[in-house]
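Both backbone and side-chain heavy atoms feed into the values below; hydrogens, waters and symmetry mates do not.
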Amino acid sequence: ALAAGTMSEHNLDVDLPASGADGAYYLIMMVDNANAVTESDEANNTQTVALDVSIYVPPISTEQLAAGESFSFTEADGDEILIQMGRIGEALLTFNGPTANGSNISGIEITGSSRSGSLIVTVTNAAGDGLAQIGNVTVSGSDFGTFQAAGDVTGLSVEGVIKKVQIDGELGGFAAEGVVSTFIVGGLSGEVQAGAFKVMTINGDINNTIIDTMTINKMEVTGSITNSQINAIGDKGQLGRLWVGGDANGLEITTVSIKTITVDGNLSGRIEAGGDKGQISSVTAGGNLTADLIAFKAIKKVLAGGNISADEITVAGTGKGALGLVQAGGDVNVANLDIDGVIKKIITGSEENSGNLYGSIHADGIIKSVKVYGDIYGDIAAGGKLNLVEATGDLGAAANIVSEGSDINKVLIHGRVFGQISANSGAGQVKRMLWDKITNIFFDPDTVLADEPIDHLTVADISKIKWIWI
């Protein structure tokens, strides 16, 4: 409380909303709002100040560039910038300050150009970060040849076709018609649309990006991809070659044909080749592969330096689908590996590094070879003939090796057999199995076959099994 006749001064910072309408506003100040101090006049504790508020509009300046002209200025961080307009068209440059010097480019509008037109932004003296800061760039009413900028660009939009885009910094969005021959940026985000891309080079990362096109012939990313989509849509949609130097996390690809995906790090997300001709030729991850893979016609090759772990790897080819090779340097654990056709080869681990098999593997047709450098804990089932299943370790208690409608050629379990082996519900035959003379696996001095292995085999005639001694 203040004594009679005294005063106290205070400074008060007031934050006003960033948005709102112009007009009169009132600042109301109150002291002793709870009337905790007894006063002779309790009605004079409030003071109101009227404020006339208007939204601040920062000053801007513009420069017009005719065909063949250039303009230079020093931007806010001290970089000296040169803008050169090509021989065709004109450009309106907008700056976010009262003069170009000391400001950044907030927008560039290009008109009256053609496929021979160009606009080039260079940094002639890097006194700042060495990158020009450029807002939205638009090309209106025509095609365009080359847009080249040593800087970051908020967005680039072309009403027609553009042949070449080269941006040293980040690009926040892109839209054009037709085929883009060369697309080079230092980083990518936002929405990207074009009829097709011949070559895409991202010298950095792709983050939170959606790419919609029909065809990408070649795409190289020196950094990583995070939470992004590549949609090469249409009956002839295609992703030719994709290489990622880092990780690809949360990558979703939807198209018809995929030739090669190579990720030097880890790969997660979903990759789908749909349509009657949907095919994935090759997917390789240097680290772990945890992406779902879906194709209609075929998946030819899936490789991982680490583990392969996914919810699904499926081919729905109406009986004619195929899975060529799945090979992991570690474990394979796919909840639903289901091929409407043939599985050629699955390999887990190596002689130098063990890899176990989990999950469920199923082919409506035949399975040619499953080689496990470790233990089998999952199910392996073939609608047709099962040619070879081999494990250097055990067949786990919950594991099943099944030929649903035919024989099993070889089951070579180098460890112990706890799971079940069945050929055509007991009407088929297992032709060859291992018989370890040292550990007496599958051996009893009296009956030759002990009760235990009989419990794990459902075949037509055990006596017809050809035992391979090891």
Side-chain angles (χ1 to χ4, degrees), residues 200 202 206 211 215-232 237-275 277-317 321-350 355 357 359 361 363 369-371:
M200 298 185 75
I202 290 80
I206 297 179
I211 300 175
T215 301
I216 301 174
N217 291 350
K218 181 179 179 182
M219 183 175 182
E220 295 186 348
V221 183
T222 63
S224 298
I225 300 178
T226 304
N227 297 331
S228 296
Q229 300 177 23
I230 299 174
N231 303 313
Q238 176 177 290
L239 174 61
R241 178 181 183 271
L242 169 62
W243 170 75
V244 182
D247 295 330
N249 292 318
L251 173 61
E252 297 185 9
I253 298 176
T254 304
T255 186
V256 175
S257 174
I258 298 172
K259 290 186 176 180
T260 304
I261 297 175
T262 303
V263 179
D264 289 355
N266 299 319
L267 171 60
S268 68
R270 179 182 175 89
I271 299 171
E272 181 173 359
K277 298 180 180 179
Q279 177 172 292
I280 300 172
S281 293
S282 176
V283 177
T284 302
N288 297 322
L289 192 157
T290 57
D292 293 339
L293 307 177
I294 300 98
F296 182 84
K297 184 178 180 181
I299 299 174
K300 291 187 176 181
K301 183 166 63 175
V302 181
L303 305 175
N307 301 322
I308 295 177
S309 177
D311 290 332
E312 63 174 319
I313 296 178
T314 58
V315 176
L323 174 64
L325 170 65
V326 173
Q327 183 170 1
D331 299 336
V332 170
N333 186 358
V334 181
N336 180 32
L337 194 159
D338 192 3
I339 308 302
D340 191 2
V342 176
I343 295 176
K344 293 183 179 180
K345 185 181 291 187
I346 296 175
I347 303 173
T348 72
S350 64
L357 180 66
I361 295 172
S369 175
V370 178
K371 174 70 174 181

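For K300, there are no salt bridge (Lys or Arg N to Asp or Glu O under 4.0 Å) partners at least two apart in sequence or on another chain. Evaluation of the salt bridge (Lys or Arg N to Asp or Glu O under 4.0 Å) rule for E252 yields no partner, not counting sequence neighbours.
In this structure, the side chain of N227 does not engage the main chain of G250 through any donor-acceptor pair within 3.5 Å. Remark: side-chain polar atoms of N266 are paired, donor with acceptor, to backbone N or O of N288 under 3.5 angstrom. The backbone N or O of E312 lies less than 3.5 Å from a partner atom in the side chain of D292, making a donor-acceptor pair. Checking side-chain atoms of N336 against main-chain N and O of D311 turns up no donor-acceptor pair under 3.5 Å. The backbone N or O of A232 lies less than 3.5 Å from a partner atom in the side chain of T255, making a donor-acceptor pair. Between the side chain of T314 and the main chain of I294, no donor-acceptor pair closer than 3.5 Å is present.
Smallest separation of non-hydrogen atoms from G341 and A363: O-CB, 3.6 Å. The shortest heavy-atom contact between N333 and G359 is OD1-N, 3.7 Å. For the residue pair M200 and I211, the shortest heavy atom distance occurs at CE-CD1, 4.3 Å. Here the closest heavy-atom approach between residue G246 and residue V263 is recorded as O-CG1, 3.3 Å. Of all the heavy atoms in A328 and G306, the pair that sits closest is CB-O, 3.6 Å. Listed here is the closest heavy atom pair of T222 and W243: CA-CZ3, 4.0 Å.
Here the CD atom belonging to Q279 is positioned 6.0 Å from the OG atom belonging to S257, to the nearest 0.5 angstrom. In this structure, OG in S281 is found 10.5 Å from CG in L239, a value given to the nearest 0.5 Å. Taking CD1 from I343 and OG from S369, the interatomic distance works out to 11.0 Å, rounded to the nearest 0.5 Å.
Tested against Q327 for a side-chain contact (heavy atoms from CB on, under 4.5 Å), the candidates L303, T348, I346 yield a single pass: L303. Residue I261 is tested with I271, T284, L293, V244 for a side-chain contact (heavy atoms from CB on, under 4.5 Å); the sole match is I271. With L323 as the fixed residue, the side-chain contact (heavy atoms from CB on, under 4.5 Å) test singles out one of V342, I299, I361: I299.
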### Worked verdict on D340 versus V315 for side-chain contact (heavy atoms from CB on, under 4.5 Å)
CA-CA 6 Å; D340 191 2; V315 176; 5.8 Å; no
### Task
Quick one: do I280 and K259 satisfy side-chain contact (heavy atoms from CB on, under 4.5 Å)? Show the steps, please.
CA-CA 6 Å; I280 300 172; K259 290 186 176 180; over 6 Å; no
### Task
Given side-chain contact (heavy atoms from CB on, under 4.5 Å), test N307 with V332 step by step and report yes or no.
CA-CA 6 Å; N307 301 322; V332 170; over 6 Å; no
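Residues in residues 217-227 take part in these salt bridge (charged side-chain N to carboxylate O under 4.0 Å, His left out) pairs, two or more places apart or across chains: K218-E220, E220-R241.
Contact of the I258 side chain with the I253 side chain is registered, since non-hydrogen atoms from C-beta on lie closer than 4.5 Å. In this structure the side chain of L267 reaches within 4.5 angstrom of the side chain of L251, judged on heavy atoms. Residues V370 and K345 form no side-chain contact, since every pair of their non-hydrogen atoms from C-beta on lies 4.5 Å or further apart. Annotation: side chain of I206 is in contact with side chain of M219 (closest heavy-atom distance under 4.5 Å).
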